[in-house]
Amino acid sequence: MKLPITPIPVEDIILFIESYRNLEKMPLEDGFAHLRAITPSILGENEEDLKELRQHFRNHWYSKNRAFGQFYLNLSHYRQVYLLNHWNIFDWQDEEYTGTCLRNPFVRVAGRPPAKAFQLHQLVKFFENHGISQDLLDQFSLPPIDDFDKRFGNATNWGDYVLTLTDPEPLLRYLIEYEREAGYDFDPSILQNGPE
């Protein structure tokens, strides 16, 4: 059974955008040090394996050249949750979800994450796949963007634009709900059922 979504507080969305924009502005190596949050040390985990995993993510961050949206969308949902928690964005289902992911590889691949993580994933996906069109801005009576390069669809441009708005909530709700799949919470029944 899919549960009705609990809308993420707008304060958490703004904190998320501010956090990733600060991350993008850091020098590459400082940014990667910050991103160690996605690979926490887990009790019983092989230290050499963890070192290799961190090197993999370091290479990935460098290859994206601080483009947060491209990096974030390629992370597993449970690693996105680790990063959100590092930025003080918490969901009541986070601990159960990440714990289950560590025990159950199926949930890592196919499990829907907690509501906040899922909505922020949907938001970044919209940012990366849609430019800031004037038609959309007109729909919400928002100020235009004169610089053509700043209208290009990516998390950086969208983030900077959203942070200039006095009341970004109506726009953000629309973008999150743009794809119907965002309308559901993490379904705990997957924890018991596994693949059919």
Side-chain angles (χ1 to χ4, degrees), residues 1-20 23 34-45 50 53-54 56-57 60-61 64 67-130 153-155 158-159 162 168-196:
M1 178 183 85
K2 291 180 177 177
L3 306 174
I5 197 165
T6 303
I8 182 171
V10 70
E11 295 81 11
D12 283 346
I13 305 173
I14 297 302
L15 175 58
F16 172 71
I17 293 172
E18 289 173 340
S19 298
Y20 82 67
L23 174 64
H34 186 84
L35 285 169
R36 287 172 66 93
I38 64 175
T39 54
S41 295
I42 307 296
L43 187 64
E45 189 168 28
L50 183 59
L53 182 63
R54 285 182 172 154
H56 164 76
F57 283 122
H60 184 50
W61 178 241
K64 300 304 180 192
F68 176 79
Q70 295 174 35
F71 180 84
Y72 188 74
L73 293 177
N74 281 295
L75 292 177
S76 302
H77 284 304
Y78 76 101
R79 293 201 184 279
Q80 292 177 357
V81 169
Y82 288 148
L83 185 57
L84 296 179
N85 290 174
H86 182 66
W87 287 338
N88 293 315
I89 300 170
F90 299 96
D91 192 297
W92 67 274
Q93 296 171 319
D94 287 349
E95 192 172 327
E96 179 185 13
Y97 173 74
T98 54
T100 303
C101 284
L102 293 175
R103 295 187 305 272
N104 186 336
F106 173 77
V107 176
R108 280 184 228 163
V109 175
R112 184 179 292 112
K116 286 185 182 182
F118 197 79
Q119 289 173 81
L120 292 173
H121 180 92
Q122 294 293 92
L123 183 64
V124 174
K125 188 161 61 170
F126 187 98
F127 286 175
E128 289 296 314
N129 291 319
H130 301 274
N154 59 47
W158 270 108
V162 166
E169 185 169 6
L171 174 66
L172 291 169
R173 299 280 178 227
Y174 173 82
L175 301 183
I176 288 171
E177 295 169 7
Y178 185 79
E179 295 189 41
R180 292 171 59 90
E181 185 63 23
Y184 299 102
D185 269 331
F186 168 60
D187 182 354
S189 67
I190 196 171
L191 304 183
Q192 287 80 36
N193 298 340
E196 295 182 356

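Here, residue 1 is the first one in the sequence, and each next residue gets the next number.
Ring-plane geometry between His77 and Phe118 is classed as tilted, the angle between the planes lying from 30 to 60 degrees on a 0 to 90 degree scale. A perpendicular orientation is assigned to the rings of Tyr78 and Tyr82, their planes being inclined by more than 60° (bins at 30° and 60°). Using a 30° and 60° split on the angle between ring planes, His56 and His60 fall in the parallel class, below 30°.
Note that CG of Leu123 is 6.5 Å distant from CG of Leu120, once rounded to the nearest 0.5 Å. The distance from atom OG1 of Thr39 to atom CZ of Arg54, rounded to the nearest 0.5 Å, is 4.0 Å. The distance from atom CG of Leu23 to atom CG of Leu35, rounded to the nearest 0.5 Å, is 5.0 Å. With rounding to the nearest 0.5 Å, the separation of CZ in Phe16 from CG in Leu172 is 11.0 Å. Atoms CG and CG, on Asp91 and Asn85 in that order, are 9.0 Å from each other to the nearest 0.5 Å. The NE2 atom of His34 sits 13.5 Å away from the OH atom of Tyr20 when rounded to the nearest 0.5 Å.
When all heavy atoms of Pro114 and Val81 are compared, the pair lying nearest together is CD-CG2, 4.3 Å. The two atoms that bring Asn88 and Leu15 nearest to each other are O-CD2, 4.0 Å, heavy atoms only. Closest approach of Ile38 to Arg79, counting heavy atoms only: O-NH1, 2.6 Å. Taking both residues in full, the closest heavy atoms of Gln80 and Leu75 are given as NE2-O, 3.5 Å, listed atom of the first, atom of the second, then distance. Across all their heavy atoms, Ile176 and Gln122 have their closest contact at O-CB, 3.9 Å. Here the closest non-hydrogen pair linking Trp87 and Ser19 is CD2-CB, 3.3 Å.
Trp158 has its side chain within reach of Leu171: a pair of non-hydrogen atoms, C-beta onward, lies under 4.5 Å apart. Annotation: side chain of Tyr97 is in contact with side chain of Cys101 (closest heavy-atom distance under 4.5 Å).
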- Item | side-chain contact (heavy atoms from CB on, under 4.5 Å) assessment of Thr100 paired with Arg108 | CA-CA 8 Å; Thr100 303; Arg108 280 184 228 163; over 6 Å; no
- Start with the C-alpha gap between Leu175 and Phe127, add the side-chain angles, then the distance that decides, and say whether side-chain contact (heavy atoms from CB on, under 4.5 Å) holds. CA-CA 8 Å; Leu175 301 183; Phe127 286 175; 3.7 Å; yes
- Take Tyr72 and Leu83, measure what side-chain contact (heavy atoms from CB on, under 4.5 Å) needs, and give me the verdict at the end. CA-CA 10 Å; Tyr72 188 74; Leu83 185 57; 4.2 Å; yes
- Please assess Lys125 against Tyr178 for the test side-chain contact (heavy atoms from CB on, under 4.5 Å), listing each intermediate value before the final yes or no. CA-CA 10 Å; Lys125 188 161 61 170; Tyr178 185 79; over 6 Å; no
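In this structure Gln70 satisfies the side chain to side chain donor-acceptor pair (under 3.5 Å) test with no other residue, sequence neighbours excluded. Remark: Glu18 engages no residue in a salt bridge (Lys or Arg N to Asp or Glu O under 4.0 Å) (not counting sequence neighbours). Residues satisfying the salt bridge (Lys or Arg N to Asp or Glu O under 4.0 Å) criterion with Asp12, sequence neighbours excluded, are Lys116.
One finds a salt bridge joining Glu169 and Arg173 here, because a Lys/Arg side-chain nitrogen approaches an Asp/Glu carboxylate oxygen to under 4.0 Å.
Side-chain N or O atoms of Gln119 include one that pairs as donor or acceptor with a backbone N or O of Ala115 at under 3.5 Å.
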